[in-house]
Amino acid sequence: MNRSMKNIALLLCAVLLCAFSIWGPETLARYRDKKVFDEIHEQAVEEEGAGYRYTLSSNERLYILSECLNRQTQPESEQNALIRSGGNDLNYQDLGGAYAFVVNYKGPSGKEITDEEIYETCNRGIQTLIEQGILPDTVKNVEASAYEAVLYSAIDVLEPRNNVAVWKVSLSDSQKNADKSNRLIDAYIDADNGRIYEFYVRTQLDWTQIDPDAVVEAWRTYMRLEAPADYESDNPLLETTPYFKKYVFEGMDGANTVVTVGFYEGINELFLKISK
């Protein structure tokens with residue numbers, strides 16, 4: 001090929017490249033549009049506020065609930081008063097502090113345990129704790145007629161997508177004078193998976209018959225938590241009973257959750273709590 005032919009070939013390539021740079025993108029865009037326009041295309045999307053809680057690990061869920069319980073004020077937190085006076089919609093900007101524990105007046109979503117299911121779920125949880133050696137087999141089932149159940153949302157206010165829905169199941173005030181032996185007094189139950197975070201139970205045991213290390217190991221396996229670390233302080237004034245032992249579980253952002261296994265003598269009440 002002589003020089004003139006090479007020059008013509010090079011010129012032709014340059015012209016083609018220029019033409020493609022001008023009309024090529026437009027042509028490709030029209031081609032893609034033909035595959036999209038006038039056709040129905042389905043795509044799975046996550047609704048706002050949906051699915052976020054399921055990305056939290058068990059340790060993170062435990063930490064969020066613990067922080068929220070530690071910040072509530074009895075008998076009613078400021079957050080609960082705000083929600084009751086303000087309707088069903090949560091305004092996270094109005095919630096004070098970093099964590100809030102609020103009554104969920106909207107009720108369970110489609111993925112959460114319902115009002116009708118919570119007592120059966122609680123009883124299954126009690127039976128599992130008995131099978132795991134956490135509770136004695138003398139603990140009775142709960143009945144809807146003797147108990148009250150309230151749905152709460154434990155919310156990380158600074159990151160409200162991090163929240164945990166829990167049911168609080170409590171022996172009804174109408175049962176104050178009833179025999180409470182071998183009965184569940186209070187429990188916090190995960191509204192998604194039905195696991196029991198915290199409980200207070202009257203038993204026939206005494207502290208010498210309770211192995212707190214075995215209890216917390218069985219409970220953390222049941223809760224699918226990572227192994228705890230030792231709690232450094234042995235201050236006997238940390239609780240209103242001398243019979244207790246504390247454990248430290250990894251939480252979020254370098255912070256930890258303290259879990260306590262304890263016993264109130266006199267009323268023979270065994271408890272496992274994640275709150276102070």
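Just so you know, these numbers come straight off a predicted model, no measurement behind them.
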**Message:** Is it true that Ser57 and Asn59 share a donor-acceptor pair across their side chains at a distance under 3.5 Å?
**Reply:** no

**Asked** Is there a donor-acceptor contact under 3.5 Å from the side chain of Trp219 to the main chain of Ile196?
**Response** yes

Quiz: residues 130-139 side-chain donor-acceptor pairs under 3.5 angstrom, not counting sequence neighbours:
unit_1: Thr138; atom_1: OG1; unit_2: Asn182; atom_2: OD1; d: 2.9

**Request:** Could you tell me which non-hydrogen atom of Glu148 sits nearest to which non-hydrogen atom of Ser172, and how far apart they are?
**Result:** OE2-OG, 3.5 Å

For residues 268-276, which side-chain donor-acceptor pairs fall under 3.5 Å, sequence neighbours excluded?
unit_1: Asn268; atom_1: ND2; unit_2: Leu205; atom_2: O; d: 2.9
unit_1: Glu269; atom_1: OE1; unit_2: Arg202; atom_2: NE; d: 2.5
unit_1: Glu269; atom_1: OE1; unit_2: Arg202; atom_2: NH2; d: 3.4
unit_1: Lys273; atom_1: NZ; unit_2: Glu239; atom_2: OE1; d: 2.9
unit_1: Lys273; atom_1: NZ; unit_2: Glu239; atom_2: OE2; d: 3.4
unit_1: Ser275; atom_1: OG; unit_2: Glu198; atom_2: OE1; d: 3.3

**Request:** Show your working on side chain to side chain donor-acceptor pair (under 3.5 Å) between Asn141 and Tyr119 and close with a plain yes or no.
**Result:** CA-CA 9 Å; Asn141 282 344; Tyr119 296 107; over 6 Å; no

**Asked** Which class fits the ring pair Tyr200 and Tyr264: parallel under 30°, tilted 30 to 60°, perpendicular over 60°?
**Response** parallel

**Asked** Do Gln209 side-chain atoms and Asp206 backbone N/O form a donor-acceptor pair below 3.5 Å?
**Response** yes

**Asked** Where is the tightest heavy-atom contact between Asp192 and Asp190, given as atom of each residue plus distance?
**Response** N-OD1, 2.7 Å

**Item:** Pairwise side-chain contact, Leu65 with Phe101, heavy-atom cut-off 4.5 Å (strictly under)
**Value:** yes

**Request:** Could you tell me whether a side-chain N or O of Thr241 sits under 3.5 Å from a main-chain N or O of Phe263, the two making a donor and an acceptor?
**Result:** yes

**Item:** Tyr197/Tyr188 aromatic ring centres below 6.0 Å
**Value:** no

**Asked** Counting only N and O atoms by type, is there a donor-acceptor contact under 3.5 Å from the side chain of Tyr247 to the main-chain atoms of Asp213?
**Response** yes

**Asked** Do any N or O atoms from the side chain of Glu112 and from the backbone of Ser109 form a donor-acceptor pair under 3.5 angstrom?
**Response** yes

